[in-house]
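See structure below.
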Amino acid sequence: MDLETFTAKPGEIAELFAVQGERRVDRRATKQTTMAPLPKHQPGERFIRGPIPLAWFKAAAKCGERAEAVSVLLWYAAGYQRRNPVKLTPTILKELNVHPKTARRVLVKMGELRLVDVVFHRGRSPLVTITTPGPAVSME
C-alpha cells in the first residue's frame with residue numbers, strides 16, 4: 001500500500017485508535033440529545049484534585065480491603081495540602097471512615113508495589129509520597 005495516496009474514512013480512523021473493550025460514543029446521537037453537565041464543587045466545598053492515573057488507581061485497588069478509599073484520600077490530601085509527600089492524618093482518614101491500622105496495612109502493600117514511598121514514625125501520621133512506578137511494575 002502506498003502511504004502517500006492512502007486516504008482513510010472517518011470511521012476507519014476511529015477504529016484504528018479505539019481501545020479494546022471501550023464503548024464507542026456515537027457523536028450523531030449525542031447531538032440530538034442534551035447531555036447533563038458534570039457536577040462541580042461549590043466555592044469553599046472540598047474536592048479531589050486530579051487527574052488521577054487510572055493505571056495507578058487500578059494497581060492500588062489490589063492492595064487490600066479499603067484500598068480504594070485510602071487511594072482517594074491520598075490524592076485528596078495531596079490536592080488539599082498542595083504538596084507531595086503528604087501527611088495522612090487521622091482527620092483525613094475519618095473522611096471515609098478508614099481506621100489508621102487499615103490505612104497502614106494498605107500503605108505497606110502500596111509501598112511493595114512502588115506506588116508510594118511511606119515513612120512511618122511512632123506516634124505520628126505517616127508521610128506518604130505518591131510515585132510513578134517504573135515500567136518493571138505491572139500496572140494491569
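At least one donor-acceptor pair under 3.5 Å links the side chain of Gln81 to the backbone N or O of Lys87. In this structure, the side chain of Thr131 engages the main chain of Leu115 through a donor-acceptor pair within 3.5 Å.
Taking hydrophobic clusters as Ile, Leu, Val, Met, Phe, Trp and Tyr residues chained together by side-chain heavy-atom distances below 4.5 Å, Tyr80 shares a cluster with Leu96. Grouping the Ile, Leu, Val, Met, Phe, Trp and Tyr side chains by contacts below 4.5 angstrom, directly or via other members, places Ile130 with Phe120.
Residues Ser71 and Phe57 approach most closely at CB-CE1, 3.7 Å, considering heavy atoms. Between Leu107 and Val118, the shortest heavy-atom contact is O-CG2, 3.9 Å. Val70 and Val98 get closest at one heavy-atom pair: CG2-CG1, 3.9 Å. Closest non-hydrogen pair, Ala60 versus Met110, comes out as CB-CE, 3.6 Å. When all heavy atoms of Ala61 and Glu68 are compared, the pair lying nearest together is CB-OE2, 3.6 Å. Smallest separation of non-hydrogen atoms from Glu95 and Arg46: OE2-NH1, 2.5 Å.
Here CG of Asn84 is found 9.0 Å from CG of Asp117. Values are rounded to the nearest 0.5 Å. If you take NE2 on His99 and NZ on Lys94, they are separated by 10.5 Å, rounding to the nearest 0.5 Å. Distance check, rounded to the nearest 0.5 Å: CG of Leu88 to CG of Leu93 gives 4.5 Å.
Between Trp75 and Trp56, the ring planes are perpendicular. Angles over 60° get that label, and only those under 30° would be called parallel.
Taking a 6.0 Å sphere around CD of Glu65, one finds it holds 12 or fewer heavy atoms contributed by other residues, nucleotides or ligands.
Residues Arg105 and Arg66 have side chains not in contact (no heavy-atom distance under 4.5 Å, counting atoms from C-beta outward).
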